[in-house]
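What follows is one structure encoded as structure tokens, with my remarks underneath.
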Amino acid sequence: MGTPAVRHRLVLSMIMVAVLALSGRLLWVQGLDASARAQEAIDARTTTRTIPALRGDITDRDGTVLASSVERFDLWVNQRQVSTYQQDDKEAVAAGDTGVKAAAADLAPVLGWTVEDTEKALTGDKGFKYLQKNVEPAVRNAVIALKIPGLGADRVADRLYPAGSVGGNVLGFVGADGAPLAGAELSYDDLLAGTNGKTTYERGAGGQIIPTATQSTTAAVDGSDLVLTLDRDLQWKAQEIIASAVDQWGATAGSIVILDAHTGEVLTLAEAPTYDPNSPEADSYLGNRTVSDVYEPGSTGKLFTLAAALEEGTVDMDSQYTVPYTMSFNGERIKDSHSHPTQKLTLAGVLKNSSNVGTVQISETLSDQTRYDYLKAFGLGETTGVGLPGESKGIVHDPSDWTGRTKYTTAFGQGYAVTALQMVSAISTFANDGVRVQPQIVKGVKEEDGSVRSLGEPTQTRVVSSETSQKILELMDNNVVDDGKTNGDVPGYAVAAKSGTAQVPGENGGITYTASFIGTAPADDPDIVIGVTLFGLNSFISGTTAAAPAFSQIMAYTLQNQGIAPTGKPGRELENEW
């Protein structure tokens, strides 16, 4: 091992190497690498918290709030810091009024808790713990004013629907995390959501904010207010009426659509059953049947056949038809809904008697392609573009697939499927001089000055001429003249309407029925178009019987609500037989 002197020099050399290595490392850390190490320390101390944006309101057309986000706060505590409460107050220290017990005594009455429960919540070693969620701003302000170390509050929002179930199927709802899950809340989330802000700060070992360190805050930008075309009072009344009709006739569901004939604005989109967005139940239907469920329209579809024939000039108002109860067309047997002796009907009579046989005779004057083109022009087989989630485009097969009975049933509203909104929109064409206007549920976004910024003009499509639409209105008006049969009359107003009933294949080979009644008033100068539809009827009940009374009630209410004066003109009496 050598002499002691040699060993001594070897140990000394090793020590010197170690010292040089440590010195070099110290020089690197404190000199050349100081900024990087300092940044690492800052990064470790820095935390960022989100400042949630408030979701925009949803209002009806007159500004009545239907959905609103209110400012709330989640209170939290860093238990490690509470023990320092009032330690800088000499009088409090002298009186022993410091620490967790003192904090609990001061905080308890603000939260409405017992002192014992409050002390338990403040005691511990957790750096973060929620004390109470969703408190009002006044409570938050009172808590912060106590200046208890470790107590803080995060801004959150609580979504409220002041009108309850009114318009629930249109509004939709948000989840517990504020995420939109249905209705306009989901479709227009990009406008309603806003942009969250954030606050960034450095905190010490105990979680406290370091006051001398850099802090930055980016403010949240709240969402925009969405103005719907709905009228809250009409929506409420329509929901009441359709719920009563569903109950009366044992239907599984029902809907009422109210449109402004000229603007396409949806004044009401009511359903039964519906739900309260404040507390949607998981086992309830939380969609919107009016835009998502499809059905065969039945006899209301006869209007499109008559309109196409009048527009193409293959029939006129004086056309005459010999109509037996049943008739064969190329081997396909077509019959009317009720047995009757052979009738001699005019064009008006075919519609008033809702004759399938007579309607097929009219359809035979047109090619299949022509009839298909008109169905598409009326907006069937395509989504309306109203802007609600889950909208169906319905079912309209290409005429090359119209084989067997389908070639003839499509003439009287069977063999294709529609949504309730599609059908009301299509028939509103006749109330708007032959021009179909795209339905719209949103008027626009409310600006800071109170004005409403439109999201775009609705698409308009001329389907038939002014002359044809006027003739169809006359035929529909004649259809309602005998109010003892139609149940759809409105005292003081001329009404133009048509009923429909169609079979729907049910479970296990069963059959249910859909009944509807769609019309416009005043028939001599149309403004309002309303459709009432009842789904899931267990037996054949005509739209005239089941849906027309509800139509009469809501139409009378709507005309008064909208300030439309009575016309005082009687319905049109056309010759129904020859």
Side-chain angles (χ1 to χ4, degrees), residues 259 261-262 297 299-321 323 343-356 358-367 370-371 373-380 411-413 423-437 460-482 486 488-489 493-500 517-531 567 569-578:
L259 291 182
H262 309 300
S299 293
T300 49
K302 292 171 181 172
L303 294 172
F304 308 135
T305 300
L306 269 63
L310 284 168
E311 183 72 9
E312 294 297 314
T314 61
V315 304
D316 58 37
M317 297 292 277
D318 297 322
S319 296
Q320 300 175 340
Y321 304 91
V323 182
Q343 300 171 310
K344 292 184 178 295
L345 301 177
T346 63
L347 194 69
V350 169
L351 188 68
K352 190 170 184 67
N353 287 272
S354 201
S355 171
N356 296 337
T359 304
V360 171
Q361 292 182 47
I362 295 169
S363 74
E364 287 287 77
T365 67
L366 300 166
S367 70
T370 297
R371 290 199 291 117
D373 290 342
Y374 273 96
L375 291 177
K376 297 291 284 186
F378 277 107
L380 308 186
F412 50 85
M423 203 61 186
V424 177
S425 173
I427 291 178
S428 72
T429 302
F430 305 122
N432 191 43
D433 202 41
V435 177
R436 179 172 60 84
V437 183
Q460 299 193 32
T461 305
R462 175 160 293 283
V463 182
V464 295
S465 65
S466 300
E467 292 76 15
T468 295
S469 62
Q470 183 60 40
K471 289 173 183 177
I472 292 295
L473 287 177
E474 291 177 10
L475 293 170
M476 292 170 66
D477 189 6
N478 178 73
N479 191 56
V480 186
V481 168
D482 188 354
T486 65
D489 66 312
Y493 297 87
V495 176
K498 182 71 185 80
S499 63
F517 196 88
I518 306 175
T520 183
D524 47 315
D525 187 15
D527 279 308
I528 302 297
V529 183
I530 295 180
T567 58
K569 295 183 179 180
R572 299 178 177 90
E573 296 278 6
L574 301 179
E575 293 295 333
N576 297 310
E577 298 181 351
W578 58 277

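The distance from the OG atom of Ser299 to the CG atom of Asn353 is 11.0 Å, given to the nearest 0.5 Å. Of the inter-residue distances, the one linking Lys344 atom NZ with Gln320 atom CD reads 8.5 Å to the nearest 0.5 angstrom. Here Leu574 contributes atom CG and Lys352 contributes atom NZ; the two are 9.0 Å apart, rounded to the nearest 0.5 Å. Rounding to the nearest 0.5 angstrom, the gap separating the CG atom in Leu347 from the NZ atom in Lys471 is 9.5 Å. Note: Glu467 CD to Ile472 CD1 = 13.0 Å, rounded to the nearest 0.5 Å. Between the CG atom in Asp373 and the OG atom in Ser367 there is a gap of 7.5 Å [rounded to 0.5 Å].
The side chain to side chain contact (heavy atoms under 4.5 Å, CB included) check on Ser499 picks up Phe517, Thr544, with sequence neighbours excluded. By the side-chain hydrogen bond (donor to acceptor under 3.5 Å, both in side chains) test, Asp433 pairs with Ser466, sequence neighbours left out. Every residue two or more places apart in sequence or in another chain was checked for a side-chain hydrogen bond (donor to acceptor under 3.5 Å, both in side chains) with Ser428, and none qualifies. With sequence neighbours left out, the salt bridge (charged side-chain N to carboxylate O under 4.0 Å, His left out) criterion links Lys376 to Glu382. Under the rule for a side-chain hydrogen bond (donor to acceptor under 3.5 Å, both in side chains), Asp525 has no partner lying at least two apart in sequence or in another chain. Scored by the side chain to side chain contact (heavy atoms under 4.5 Å, CB included) test, Asp318 finds Asp316 as partners (sequence neighbours excluded). Annotation: side chain to side chain contact (heavy atoms under 4.5 Å, CB included) contacts of Asp524 (sequence neighbours excluded): Ala494, Pro522, Thr567, Lys569, Arg572. The side chain to side chain contact (heavy atoms under 4.5 Å, CB included) search around Gln460 returns Val435, Val437, not counting sequence neighbours.
Dense packing is recorded around CD of Gln470, with more than 12 heavy atoms of other residues, nucleotides or ligands lying under 6.0 Å away.
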Could you pull out every donor-acceptor pair under 3.5 Å between side chains of residues 304-314 and any protein atom, sequence neighbours left out?
unit_1: Thr305; atom_1: OG1; unit_2: Ala411; atom_2: O; d: 2.7
unit_1: Glu311; atom_1: OE1; unit_2: Ser465; atom_2: N; d: 3.0
unit_1: Glu311; atom_1: OE1; unit_2: Ser465; atom_2: OG; d: 3.1
unit_1: Glu311; atom_1: OE1; unit_2: Thr468; atom_2: OG1; d: 2.6
unit_1: Glu311; atom_1: OE2; unit_2: Ser465; atom_2: N; d: 3.4
unit_1: Glu312; atom_1: OE2; unit_2: Tyr374; atom_2: OH; d: 2.5
unit_1: Thr314; atom_1: OG1; unit_2: Ala309; atom_2: O; d: 3.3
unit_1: Thr314; atom_1: OG1; unit_2: Thr365; atom_2: OG1; d: 2.8

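Nearest approach of Arg436 to Phe378, heavy atoms of both residues: CD-O, 3.1 Å. In terms of heavy atoms, His262 sits closest to Pro526 at NE2-O, 2.8 Å. Across all non-hydrogen atoms, the minimal contact from Ala521 to Val495 is CB-CG2, 4.2 Å. Minimum heavy-atom separation, Gly301 to Met423: N-CE, 3.8 Å. The minimum heavy-atom distance between Val529 and Ala261, with the atom names listed, is CG2-CB, 3.9 Å.
Lys498 and Ser354 form a side-chain donor-acceptor contact under 3.5 Å, judged by distance and modelled atom types alone. A side-chain donor from one of Asn576 and Asn478 sits under 3.5 Å from a side-chain acceptor of the other.
The shortest side-chain heavy-atom distance between Thr520 and Phe430 does not fall under the 4.5 Å cut-off. Between Leu345 and Val350 the shortest side-chain heavy-atom distance falls below 4.5 Å. Within the 4.5 Å cutoff, no side-chain heavy atoms of Ser363 are placed close to those of Leu366. Annotation: side chain of Leu303 is in contact with side chain of Leu351 (closest heavy-atom distance under 4.5 Å).
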Check against side-chain contact (heavy atoms from CB on, under 4.5 Å), Leu475 and Met317
CA-CA 9 Å; Leu475 293 170; Met317 297 292 277; 3.9 Å; yes
